[in-house]
Amino acid sequence: QKEVEQNSGPLSVPEGAIASLNCTYSDRGSQSFFWYRQYSGKSPELIMFIYSNGDKEDGRFTAQLNKASQYVSLLIRDSQPSDSATYLCAVIAPARYNTDKLIFGTGTRLQVFP
Amino acid sequence: DAGVTQSPTHLIKTRGQQVTLRCSPKSGHDTVSWYQQALGQGPQFIFQYYEEEERQRGNFPDRFSGHQFPNYSSELNVNALLLGDSALYLCASSSGSGQGWDTQYFGPGTRLTVL
């Protein structure tokens, strides 16, 4: 079982629609969760982080965390063609490791078509 | 406020050679982590430096080594390059409590090609 799993996609949505990106993680002790956006050939750019169960909203983006189900999601409202990128879900290894190493999924490629 | 910087941007080496990549963290950050990202994959943790010491290491061979300087900048060295070392090398900085709460910000990366 992979530590962080994402559907590789591509996920294709029309402009203006809601894009829903999902991620599951295996270590129940994980406590910090991140979404990064990565354009082709570029480095990952932080979109959002979430620590507590529930929803966290920032502009068009909403992160959702359900620790009981070990599930994190990212919703993008009013999707734009400029949102077309790979979205990486990342989890910080639990505190018992005394480090902040990020464990990444393989990413979901999102395509927003006009 | 300068973000994370990395140099060089691109590098081409041949098998068996050695390479050094450099990273300067974001202002106010004291922790540097290095990641390797192969094409189509998520970044893989190489190691993390805090207070000039390696705090944790991922599943990478000893050919990969690093250093952190008193000004918090860092180097990644790779010896005896293999074709499989071709990847995007990412540096991330954070203010490192090491307790699982710190947000990491990535630099632009160094694209290494091994021929």
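Letters A, B, ... are given to chains in the order of the sequence lines, protein chains preceding strands, and every chain is numbered from 1. When reading the values below, keep in mind they use all heavy atoms of this one structure, side chains included, and skip hydrogens, waters and symmetry mates. Treat the numbers as computed from the prediction; the structure is a model and nothing was measured.
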A.B. asks: Checking side-chain polar atoms at under 3.5 Å, does A:Thr62 have a donor or acceptor matched by the opposite partner on A:Gln64?
C.D. replies: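 Looking only at side-chain atoms, A:Gln64 and A:Thr62 do not form any donor-acceptor pair under 3.5 Å.
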A.B. asks: Answer yes if the side chains of A:Gln38 and B:Gln37 hold a donor-acceptor pair under 3.5 Å, and no otherwise.
C.D. replies: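 Short answer, yes.
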A.B. asks: Go through the atoms of B:Gln6 and report whether side chain, backbone, both or neither lie under 4.5 Å from a heavy atom of chain A.
C.D. replies: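 No part of B:Gln6 comes within 4.5 Å of chain A.
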A.B. asks: Which other residues belong to the hydrophobic cluster containing B:Val32, where Ile, Leu, Val, Met, Phe, Trp and Tyr are joined when side-chain heavy atoms lie under 4.5 Å apart, directly or via other members?
C.D. replies: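 Its cluster partners, ordered by chain and number, are B:Leu11, B:Val19, B:Leu21, B:Trp34, B:Ile46, B:Phe47, B:Tyr49, B:Phe60, B:Phe64, B:Leu76, B:Val78, B:Leu81, B:Leu83, B:Tyr89, B:Leu112, B:Val114.
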A.B. asks: Quick one: is the NZ or CZ of A:Lys42 closer than 6.0 Å to the six-membered ring centre of B:Phe106, and within 45° of its axis?
C.D. replies: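 Ring-cation test returns no.
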A.B. asks: Need one label for A:Leu46: side chain, backbone, both or neither, based on atoms under 4.5 Å from any heavy atom in chain B.
C.D. replies: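 For A:Leu46, the contact with chain B is made by the side chain alone.
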A.B. asks: Determine whether the side chains of A:Asp78 and A:Gln80 contain a donor N or O and an acceptor N or O closer than 3.5 Å.
C.D. replies: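 The criterion, which ignores hydrogens and geometry beyond distance, is satisfied for A:Gln80 and A:Asp78.
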A.B. asks: Name the option with the most non-hydrogen atom pairs under 4.5 Å to chain A; the candidates are B:Pro43, B:Gly42, B:Gly58.
C.D. replies: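 Option with the greatest count: B:Pro43.
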A.B. asks: Show every side-chain hydrogen bond (donor to acceptor under 3.5 Å, both in side chains) that has at least one partner inside residues 103-115 of chain B, sequence neighbours left out.
C.D. replies: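 Sorted pair list: B:Tyr35-B:Gln104.
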A.B. asks: Identify the residues of residues 104-114 of chain A whose heavy atoms come closer than 4.5 Å to a heavy atom of chain B, ordered by number, or report 'none'.
C.D. replies: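 Heavy-atom contacts from residues 104-114 of chain A to chain B are A:Phe104, A:Gly105, A:Thr106.
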A.B. asks: Please check if A:Tyr87 and A:Met48 belong to a single hydrophobic cluster, counting links between Ile, Leu, Val, Met, Phe, Trp and Tyr side chain heavy atoms closer than 4.5 Å.
C.D. replies: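 Cluster IDs for A:Tyr87 and A:Met48 match.
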A.B. asks: For chain A, find which of B:Gly109, B:Pro108, B:Ser33, B:Gly40 contributes the most heavy-atom pairs closer than 4.5 angstrom.
C.D. replies: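 Between B:Gly109, B:Pro108, B:Ser33, B:Gly40, the count favours B:Pro108.
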A.B. asks: Does anything in residues 63-77 of chain B form a salt bridge (charged side-chain N to carboxylate O under 4.0 Å, His left out)? List the pairs, not counting sequence neighbours.
C.D. replies: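 Listed by first then second residue: B:Arg22-B:Glu75, B:Arg63-B:Asp85.
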